[in-house]
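Order of the sequence lines sets the chain letters (A, B, ...), proteins ahead of strands, with each chain counted from 1. Only heavy atoms go into these numbers, but all of them, side chains included; no hydrogens, no water, no symmetry mates.
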Protein chains: 2
Amino acid sequence: MSGKRASEADPARSLALLWGSHSRPGRSGLTVRAIVEAAIGIADADGLDAVSMRRVAERLGVGTMSLYTHVPGKAELTDLMVDTAYGRLYDDVDAPSAQPGGWRGGMEFVAARNRDLYRRHPWMLQVPGGRPALGPNASLKYEAELRPLDGVGLSDVEMDSVLALVLTHVEGTARLGAGMARAQRDSGMSETEWWTVNAPLLDKVMDASRFPVASRVGEAAGREHQGAADPAHALAFGLARILDGVAALIAGR
Amino acid sequence: MSGKRASEADPARSLALLWGSHSRPGRSGLTVRAIVEAAIGIADADGLDAVSMRRVAERLGVGTMSLYTHVPGKAELTDLMVDTAYGRLYDDVDAPSAQPGGWRGGMEFVAARNRDLYRRHPWMLQVPGGRPALGPNASLKYEAELRPLDGVGLSDVEMDSVLALVLTHVEGTARLGAGMARAQRDSGMSETEWWTVNAPLLDKVMDASRFPVASRVGEAAGREHQGAADPAHALAFGLARILDGVAALIAGR
DNA sequence: CGTCGTACCGTACGTAGTACGAAAAGGCTA
DNA sequence: TAGCCTTTTCGTACTACGTACGGTACGACG
């Protein structure tokens, strides 16, 4: 009955857990790291909704409530999952600033890596937003991703804005892709199958003459993408426009 | 125990409900429209998570299970909520294609209207993705938003791509804003308050010298935006870049 | 060997979606 | 009016969730 929403983690607890050297195994071998790893495994396989405290505990062979000895609650566990997932984004040798193609090549690399991240961990798109948990890996990520933009003629504020723009775009298109993948899993039908089944139903119910542009464009796009949308194309097309726009901003100096 | 995920609606049932003239009041006056309106009212006030079948029924003064006579389940109800919310986006007189400033003005109008939509109905950002439910209002929206791009030198596929890019950007920045608003509500602290409280804690735990660019840029951005991020600025900045990029694409013809 | 701090976890409460089947209210024909 | 039938309404119950609470048992230390 306390005023605490399950969706909002205690920031201080999260921060301590995130940055602290949490490694005292306890007597059953239970560790924060093990809990987080188990949760990520479940989320990778079955989505964030499938991550229940019961199921995490079961996977670790411990009682459900034992988890609470190491982790304050599910919200903080989610924070830990996110920062851990950020952990393997960039190696030292493989930094965005080490990519060819200048700032543009760097941003393309950032976009590709983040796309891969969301592909591997689609559950990250389901994490409830709010104040982002500034863990060590998130900080490392921010640093690495800003570097290609440093010294190219953008102000500090603009550097932040450009990176945010790119990341928002990648997240948006990844969300599209994850949604399509989930729809495919849940319905058991591929995108094309679904449309061939449901198109007649839609035709019967909607009068295409009321939507002349929409039906023309929608059909063209559907044919091109073999479905309602194509996340890979959306990512590439949008990123090209965005980086062109950023180039124009830089050139305008 | 059936194989149906609660997150995936039956498309045929949704389509029939969406397009059908569902208006047989039943003997308690219960209507699909009334159910949807009640659900939207709850979602507007307390978020999508607060929309439970029990609470919707309570608001309407009927038994919980009576809802299932009119609506197959919660997933389909969500589809109906979304299409209904789309309903009041554009009046006939107020269409994007009637805006000044050509295609660019039209897209800026589309962006502003969608931003307002997400501001009024933040729960739309929590709707689980998947195959979008093609209701009448979604179709109208697609038609209205494509029109400013018609005949400006883009191919049909490019028209779809540009619109998707703009809408993805608006959704992404709206998500940022909704997250910040929710964090503020849950924590009871404004953005500046939160950072003044938690900055010392972060300083203690992270070594700023390991993140030279990040700490410099982050501090500049934080000062500029009076917080970790500024959704309004992110929307405007990103939209300007995107439309510059689209202009370059058109000019390249 | 006794004591204590901590890790562990069984039970229980309140929340959710919805399956099932009973009950009740009209609408119809005879 | 009586009887029946279709449809709407909804009480109960099942599973699954996060986690508060309180008991138990292990390992270290005196």
Atom NZ of B:K74 and atom C1' of C:dA19 are separated, to the nearest Å, by 18 Å

Is there a side-chain contact between B:W194 and B:Q184 in this structure, where contact means two heavy atoms from C-beta onward sitting under 4.5 Å apart?
no

Considering only heavy side-chain atoms of B:H70, the closest of D:dT9, C:dG17, D:dT19 is D:dT9

On the 0 to 90° scale, with breaks at 30° and 60°, tag the A:F211-B:W19 ring pair as parallel, tilted or perpendicular. perpendicular

B:E58 atom CD is separated from D:dC10 atom C1', nearest whole Å, by 15 Å

* What does B:V56 touch in the nucleic acid at a heavy-atom separation under 4.0 angstrom: a base, only the sugar-phosphate, or nothing? -> nothing

Judged by modelled atom types alone, do A:N137 and A:Y142 share a side-chain donor-acceptor pair under 3.5 Å? no

Closest non-hydrogen atoms of B:E191 and A:R131, given as atom of the first, atom of the second and distance, are OE1-NH1, 2.9 Å

Can you see if the side chain of A:S52 gets near the phosphate of D:dC17 - specifically, an N or O under 4.0 Å from OP1 or OP2?
yes

Whole-Å distance, A:R54 CZ to D:dT15 P, equals 13 Å

Nearest heavy-atom approach of B:L176 to B:P231 is CD2-CA, 4.1 Å

#### Entry: Pair B:E171, B:N114: side-chain N/O donor-acceptor within cut-off below 3.5 Å
no

Considering only heavy side-chain atoms of B:M53, the closest of C:dG17, D:dC17, C:dA7 is C:dG17

To the nearest angstrom, the CG-C1' distance between B:D49 and D:dC17 comes to 13 Å

Taken to the nearest whole Å, CZ/A:R55 to P/D:dT19 is 18 Å

Separation of D:dA16 atom P from A:D46 atom CG, nearest Å, is 14 Å

Residues of residues 61-68 of chain A with a heavy atom under 4.0 Å from any atom of DNA chain C, listed by number, are A:V62, A:G63, A:M65, A:S66

Whole-Å distance, A:I35 CD1 to C:dC9 C1', equals 13 Å

Separation of C:dT15 atom P from B:I42 atom CD1, nearest Å, is 15 Å

Compute the centroid of each ring, for A:H225 and then for A:H233, and state whether the two points are separated by less than 6.0 Å. yes

